[in-house]
Amino acid sequence: MHAIRIHQPGDPSVLVYEDVANPEPGPGEVRVRLRAAGVNHRDIWVRQGAFGAFPEPLIPGSDGAGEIDALGPGARDYAVGQKVVINPGLSCGRCVYCLSGQQNSCPHYRILDGTYAEQIVVPVQNVVPMPSGLTFIEAASIGIPFVTAEDFLTRAQATPGQTIVIWGANGGLGLATLQLARLRAMRVIAVVRSQTFVERLKQLGASDVIVWDGALPISPEVLTMTHSKGADIVVDSLGQASFSQSLEMVRRGGTVISVGSTSGGKVQIELGQLFRRRLTVLGAYMGSSAILPRILPLFARGALIPVIDQTFALADASEAHRRMESHGLFGKIVLDI
C-alpha cells in the first residue's frame, strides 16, 4: 500500500510518500481501506517530534474514514465493505476510568497514528458506522475536533444563554466548538485574525466576531460586549499569546478551557487571580469513546456541518501541512486517498 511516513522530525518535507507492507489485522482488530484522512494540528506536532523521536518510521494521522476490507479473529458486529469512521482514542479498556466511560482519563490513553495511508489496522472498538449522507471527506474531518469540543463543553457545564469566547474560531476545533455551542443555545463570540472570516462565522451562528491583530488586547472589547460581566466560558487554543487575556475576560466564577498551545506553552499566572475570582481552568484532551457515535447522527440530520477548507491528495501531505501552518484556513484540511 501507499502511505506517508516520517523517518525523522522536521519541516513538511519529511513527510515521505512511499510503498509499505499491507498491515494484517490480529485478534479483535479490523483493517480499514481508508478513503480520506483528516489533518489536525496534532499531526504537525508529531511531525516536529514534539512527542518524542521515532524509533521506526511513523505513519501520522489520527482521523479517517473508509471501508472495512478485512476482519481479524474475533472481530464482530462489522462486515467487509461496511463504511466506517475511525474513533481515534486508544485506551486499555480495563481500568476504572475505561469501565466508567472516561477513556481519555485512562493512564494508558493515547491518540492513534496511522491514517495517512491506504490501509490501517485498529481495534474493532475504534470504528464507528458511517452515517448515510456524509462523504468520506466529510466524515474524516469530524473526529478529534468534535469529540474534543463536545467533551470540554460537557465538562464545563455549558448551558443555554451563556456567553462563550472562542479563540481561533476559523480552525477545525474552533468551528466544532462554535457549532456545538450554538446547539446549546449559547452566545458565541468568535476571535479570528482576518476580516474575511467574519460573515462566514456569523452564518454558522457566531453572535459577534472580533478581528484580533495579534497585539492589542481584546479583553476590554469582550467586557464591553458582556456589559462588564465577562464571558462564562473562554476556549483558549493559542496558549502563550492569549492565555492572560482569557483570564481577564472570563467572569467571576467562570471557566477558561485550555485546549492547545499553538503560539507556545509557557504562561505566567498570578494565582490570586484564580482563587480570588473563583476561576476554573479546565484542561481538555479528546473525549470518551462514546462521543463520536453519539454525535455522528447529528451530521446526517444536518444539525452539525463539516466545514472543509481544502483537500489534498495523499501524496501531497506536505502541501497540506504547509497550508495548515499558513494560518489562513477556514475549516478542516483533508487528504483524499
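- Take S289 and apply the side-chain hydrogen bond (donor to acceptor under 3.5 Å, both in side chains) test, not counting sequence neighbours, and it matches Q103.
- When the side-chain hydrogen bond (donor to acceptor under 3.5 Å, both in side chains) test is applied to S62, the partners found at least two apart in sequence or on another chain are R42.
- Side chain of Y78 to main chain of V127: a donor-acceptor pair is present (N/O by atom type, distance under 3.5 Å, no hydrogens or angles).
- Membership of an apolar cluster is not assigned to L223, as no side-chain contact below 4.5 Å to another ILVMFWY residue is traced.
- Considering CG of D151 and CG of L180, their distance stands at 11.0 Å, rounded to 0.5 Å.
- Looking only at distances, no side-chain donor or acceptor of T148 sits under 3.5 Å from a matching main-chain atom of P145.
- A side-chain hydrogen bond (donor to acceptor under 3.5 Å, both in side chains) check over residues 260-275, counting only residues at least two apart or in different chains, returns the pairs E270-R276.
- Side chain of D236 to backbone of S258: no donor-acceptor contact under 3.5 angstrom is found.
- Ion pairing between a basic and an acidic side chain is recognised when a charged N comes within 4.0 Å of a carboxylate O; E56 and R5 show no such pairing.
- Listed for the Q179 side chain is a donor-acceptor partner under 3.5 Å among the backbone atoms of I305.
- With side-chain heavy atoms closer than 4.5 Å counting as contact, directly or through intermediates, the hydrophobic cluster containing V250 also holds V165, W167, I189, V191, I210, W212, I218, V222, M225, V234, L238, F243, L247, M249, V256, V267, I269, L271, L274, F275, L279, V281.
- Salt bridge annotation for R322-E319: present, with a cationic side-chain nitrogen under 4.0 angstrom from a carboxylate oxygen.
- Ion pair D208/R187 flagged as a salt bridge, since at least one NZ, NE, NH1 or NH2 atom sits closer than 4.0 Å to an Asp/Glu carboxylate oxygen.
- Residues satisfying the side-chain hydrogen bond (donor to acceptor under 3.5 Å, both in side chains) test with D336, not counting sequence neighbours, are none.
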